[in-house]
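Each remark here refers to the structure printed beneath this line.
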Amino acid sequence: MKAAEQELVARCAGGFEDVLARELRALGMRRVRPLNGSVVFFGTQRDAYRACLWSRVATRVQLVLGRVAAKDADELYQSVAAFPWERHVRDGATIAIRAHGTSETLRNTQFTALKVKDALCDRLREVRGVRPDVDAKQPGFLLQVGLRGDRATLSLDLTGESLHRRGYRQEGVQSEAPLKETLAASVLLAAGWDELAADGGMLVDPMCGSGTFAIEGAMIAAGVAPGLLRERWGFEGWVRHDAQVWNELLVEAYDEQAEPRARVRIVAGDIDADVVELARANAERAGVSDLVSLHVDDACNLARHVRGAHGMHGLLVENPPYGMRLLSQAELPAVHAALSAAVDAVPKGWRASIITPDLGIDTALGRVPQEVIACHNGPIEAWVRRYDLSAKPQECTVTTFAGKQVGVRVADAGSGQFASRLRKMAKERARWARGEGVTCYRLYDADLPDYPVSVDVYAGAAEDEGKTFAVVEERPRPRAVDVQRAGRHFADAVALTAATLDVPIENVVQKPWATDALYLRMKDADSVAAWATVSEAGCLFKSDLSGTVGKSLPLDLRLIRELTAEHSRGARFANLFAAGNAATVLVASAGAKSTVTIDASKERIAWVNETLRLNGLAGAQNTLVCSDVRAWLAREMRTKRRYDLVLCSPPERLQAHGESKAWDLEKDLSGLLAQLEAVLAPDGTVVLVLPAHSELPRCGFAAEDVSERVVPHDFERSRNHVRCYLLMRSNRSA
């Protein structure tokens with residue numbers, strides 16, 4: 001291979017294939033072709049080593065050894081066993097096999113890897129008389145098997161460990177959720193930092209964490225080969241490894257590193273002193289500490305650290321913390337404010353590049369990115385957003401509910417129409433709410449096509465007296481909708497809602513459409529919850545405004561709760577399923593003889609219990625049961641207990657949990673109604689609440705459709721009203 005060119009494949013983070021291709025061409029590689037998540041190229045053995053040592057973007061470099069027939073497991077085994085592995089696997093080297101891809105006959109990658117391992121080992125035992133040992137963690141020879149159709153590509157992984165492991169991080173002592181070095185370098189090169197550095201530019205990272213951007217930027221500026229600190233390589237277990245060629249490349253790299261440093265300024269800081277110390281130690285191990293100026297400070301104070309930057313070309317780069325990893329949603333506005341202040345602090349004409357899954361960044365900066373690169377930051381779907389900072393941030397002048405004019409940063413200058421509509425509706429709904437004694441209501445319901453969101457307002461009560469909370473929720477997006485544009489409109493709506501209603505931004509709960517709702521994908525459910533104490537009909541509710549089922553006050557069901565309470569005096573009441581949980585409190589307060597609330601979730605049952613206590617209604621007469629509803633009804637049928645009033649709000653589907661059975665409304669509603677008929681007192685009433693598109697099946701009840709009567713005034717524009725029926729025994733009229 002020294003003289004001949006062979007096929008090589010460099011892997012990279014998705015979205016950066018073109019960046020990697022440019023880098024490989026600059027390194028002298030030939031026939032470079034970007035694919036999905038990789039770049040194919042051709043070169044000599046020296047070229048392959050050079051790519052391993054110098055590529056900042058590639059995560060792995062693989063040498064294609066050959067392609068073999070693999071229509072089924074037997075053919076794959078025979079093909080691999082016939083391959084001359086003795087020419088590639090060094091005697092005594094440990095091995096590992098990793099497979100990816102499937103076919104009609106080979107559907108399990110672990111099975112494919114096992115078949116290849118057996119064939120390779122059997123071949124070497126036949127030739128050498130001994131099988132190689134397997135080391136899954138640090139093999140001397142790592143074989144990658146790519147399956148496609150009825151062919152398998154066999155590739156030697158020349159890098160061994162991923163190339164993001166540069167060697168300057170100390171394992172186990174890094175900051176939470178550190179950025180991978182290869183991804184950081186990809187972001188920097190995509191933003192043109194190599195050109196800026198060559199011109200003596202400036203790099204700034206005001207939320208640096210353990211310093212990855214700053215260190216990678218310094219290594220680019222100083223011409224430091226990213227692989228110099230690595231101690232292990234995948235080619236060391238290869239028979240044809242040429243130590244002389246490798247050592248020549250190392251000497252060349254050290255010689256380049258010894259050249260005079262580029263005249264650049266790299267400034268990085270973080271509010272956390274501990275992570276700044278980590279960054280300092282990492283920079284020292286990387287050999288670039290003389291190029292990186294580190295400080296401990298809030299990003300909003302960046303201006304004091306970039307004095308003298310005017311007249312320089314520069315790049316602000318950032319991997320800000322966001323809800324899924326490090327923060328709760330309530331803390332994000334502070335991050336947005338700090339990041340916005342940092343961007344404002346750098347000179348006009350600079351560039352900014354921010355990696356985040358948070359589409360609200362555009363609104364916070366008042367800018368639309370000139371380029372968006374979809375990528376993954378670890379397992380998290382994210383975007384690299386590149387901004388040209390030549391123009392001023394966009395602002396929308398808003399007249400608040402109190403009549404004051406304020407400027408609000410927005411990503412879309414046309415968002416002012418949303419603010420005008422919101423203010424108009426706020427005035428009308430506020431008058432209506434005062435007249436009706438309603439303190440929690442909807443004031444905007446997707447009135448404008450470009451702003452398909454709802455805005456709900458909650459007046460605080462008890463310990464939250466005097467506070468106002470708002471919930472902005474986005475409607476489901478059609479597939480054809482531009483995600484970036486829709487995300488900007490949603491974030492603009494959030495900012496304008498806070499300003500128009502004079503609500504602190506931290507009191508605005510954001511519920512973007514789930515396809516890109518980072519807040520709803522957080523692992524810790526408690527960090528998503530947004531609690532506020534509110535009131536309805538004289539009762540207090542500590543409600544989760546983020547909309548957790550069964551632990552909130554659904555505003556569209558307000559009149560259903562009132563209707564249920566009207567029938568409750570002296571009644572034995574049963575509340576089935578979580579959607580009606582809040583009704584238990586109103587019914588108990590209205591003078592029900594007894595209540596029982598049944599839900600399969602311990603957390604939701606606990607919420608009802610705490611809400612009853614909050615209103616002084618806890619007691620033996622108000623029972624809580626954590627159970628599958630159908631199982632509970634079956635037990636009540638056997639004991640012949642009867643109820644005068646039942647509120648039943650079944651969901652469309654419910655996953656099986658514990659001893660519960662999976663629930664499907666279409667299949668199971670008829671059986672549920674038969675159970676309700678068995679437990680209902682002779683003069684009893686069932687308030688049945690169904691999803692908007694559902695139909696009441698034939699049953700033994702006389703039914704009155706009261707759906708129109710239970711639509712609140714503030715939900716008249718909604719197109720998804722629930723269906724509500726009063727069910728009574730057929731021998732009794734409504």
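Everything quoted here is computed from the prediction, not taken from an experiment. When a residue number appears, it is its place in the shown sequence, counting from 1.
Of all heavy-atom pairs spanning Trp383 and Pro357, the tightest one is CZ3-O, 3.4 Å. Heavy-atom minimum distance, Ala10 versus Ala58: CB-CB, 4.1 Å. Minimum heavy-atom separation, Ala225 to Met219: O-CE, 4.1 Å. In terms of heavy-atom proximity, Pro139 sits nearest to Arg232 at O-NH2, 3.6 Å. Leu179 and Ala184 get closest at one heavy-atom pair: CD2-CB, 3.6 Å. Contact record, Leu147 with Ala152: CD1-CB, 4.0 Å, taken as the closest heavy-atom pair.
Checked against side-chain hydrogen bond (donor to acceptor under 3.5 Å, both in side chains), His305 has the following partners two or more places apart in sequence or in another chain: Asp297. Take Arg385 and apply the salt bridge (Lys or Arg N to Asp or Glu O under 4.0 Å) test, not counting sequence neighbours, and it matches Asp362. For Arg166, the salt bridge (Lys or Arg N to Asp or Glu O under 4.0 Å) partners two or more places apart in sequence, or in a different chain, are Glu216. Every residue was checked against the ring-ring contact (aromatic ring centres under 6.0 Å, His included) condition with Trp54, not counting sequence neighbours, and none meets it. The ring-ring contact (aromatic ring centres under 6.0 Å, His included) search around Trp350 returns none, not counting sequence neighbours. For Glu371, the side-chain hydrogen bond (donor to acceptor under 3.5 Å, both in side chains) criterion is met by Arg386, not counting sequence neighbours. Take Gln244 and apply the side chain to side chain contact (heavy atoms under 4.5 Å, CB included) test, not counting sequence neighbours, and it matches Asp242, Glu248. Phe16 is linked by a ring-ring contact (aromatic ring centres under 6.0 Å, His included) to nothing, counting only residues two or more places apart in sequence or in another chain. Residues meeting the ring-ring contact (aromatic ring centres under 6.0 Å, His included) test with His376, sequence neighbours left out: none.
Between the side chain of Ser353 and the backbone N or O of Val317, no donor-acceptor pair lies under 3.5 Å. Remark: the backbone N or O of Glu252 is not paired with any side-chain donor or acceptor of Asp255 at under 3.5 angstrom. In this structure, the side chain of Ser79 engages the main chain of Ala69 through a donor-acceptor pair within 3.5 Å. Remark: the backbone N or O of Gly201 is not paired with any side-chain donor or acceptor of Asp199 at under 3.5 angstrom.
Proximity of Met207 to Pro321: side-chain heavy atoms (C-beta onward) are separated by under 4.5 Å at one or more points. Inter-residue side-chain proximity for Pro226 and Glu181 is flagged as unmet; no heavy-atom pair is nearer than 4.5 Å. Side-chain contact check for Leu359 versus Val483: some heavy-atom pair is nearer than 4.5 Å. Here the side chains of Leu302 and Leu316 are in contact, with some heavy-atom distance below 4.5 Å. Side-chain atoms of Val264 and Leu203, non-hydrogen and from C-beta on, never get closer than 4.5 Å to each other. Counting heavy atoms from C-beta on, the side chains of Arg46 and Tyr49 never come closer than 4.5 Å. In this structure the side chain of Asn36 reaches within 4.5 angstrom of the side chain of Glu17, judged on heavy atoms. In this structure, Asp388 and Arg351 have side chains that are not in contact, with every pair of non-hydrogen atoms separated by 4.5 Å or more.
Expressed to the nearest 0.5 Å, how far CG of Leu156 lies from CZ of Phe235 amounts to 10.0 Å. The CG atom of Leu142 sits 8.0 Å away from the CD atom of Gln62 when rounded to the nearest 0.5 Å. In this structure, CH2 in Trp85 is found 5.5 Å from CZ in Phe141, a value given to the nearest 0.5 Å. Rounding to the nearest 0.5 Å gives a distance of 8.0 Å between CD of Glu23 and OG of Ser186. Distance check: Arg56 CZ to Cys12 SG gives 16.0 Å after rounding to the nearest 0.5 Å. Between Leu163 atom CG and Arg11 atom CZ the span is 12.5 Å, to the nearest 0.5 Å.
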Next item on the list: Give the C-alpha distance, both sets of side-chain angles, the deciding distance and a yes or no for side chain to side chain contact (heavy atoms under 4.5 Å, CB included) between Arg169 and Thr212.
Entry: CA-CA 9 Å; Arg169 290 193 198 275; Thr212 311; 2.6 Å; yes

Note to self: For a side chain to side chain contact (heavy atoms under 4.5 Å, CB included) check, start with the C-alpha distance between Leu124 and Val130, then their side-chain angles and the critical distance, and finish with the verdict.
What the structure shows: CA-CA 7 Å; Leu124 290 180; Val130 62; over 6 Å; no

Next item on the list: Take Asn319 and Leu183, measure what side chain to side chain contact (heavy atoms under 4.5 Å, CB included) needs, and give me the verdict at the end.
Entry: CA-CA 11 Å; Asn319 174 35; Leu183 181 56; over 6 Å; no

Item checked: Verdict with supporting geometry, Ile266 and Val288, side chain to side chain contact (heavy atoms under 4.5 Å, CB included) -> CA-CA 10 Å; Ile266 299 177; Val288 294; over 6 Å; no

Residues 88-99 side chain polar contacts: donor-acceptor under 3.5 Å, at least two apart:
residue	atom	partner	partner atom	Å
His88	ND1	Trp238	NE1	3.4
Arg90	NE	Glu236	O	3.0
Thr94	OG1	Gly140	N	2.9

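Under the side-chain contact (heavy atoms from CB on, under 4.5 Å) test applied with Leu20, the options Leu189, Val39, Thr59 reduce to a single match, Val39.
Atom CD of Glu104 sits in a sparse spot, with 12 or fewer heavy atoms from other residues, nucleotides or ligands closer than 6.0 Å. The 12-atom threshold is exceeded at NE2 of His295, counting heavy atoms of other residues, nucleotides or ligands nearer than 6.0 Å. Applying the 6.0 Å contact sphere to CZ of Arg87 captures no more than 12 heavy atoms from other residues, nucleotides or ligands.
A cation-pi contact, defined as under 6.0 Å to the ring centre and within 45° of the axis, is absent between Arg367 and Tyr387.
Screening residues 111-137 for side-chain hydrogen bond (donor to acceptor under 3.5 Å, both in side chains) gives Tyr77-Asp122, Glu86-Arg123, Asp122-Arg125, Asp122-Arg131 as the qualifying pairs, with residues at least two apart or on separate chains. The side-chain hydrogen bond (donor to acceptor under 3.5 Å, both in side chains) contacts involving residues 138-163 comprise Arg60-Asp157, Arg67-Thr153, Gln144-Asp157, Asp157-Thr159, Ser162-His164, where partners must be two or more places apart or lie in separate chains.
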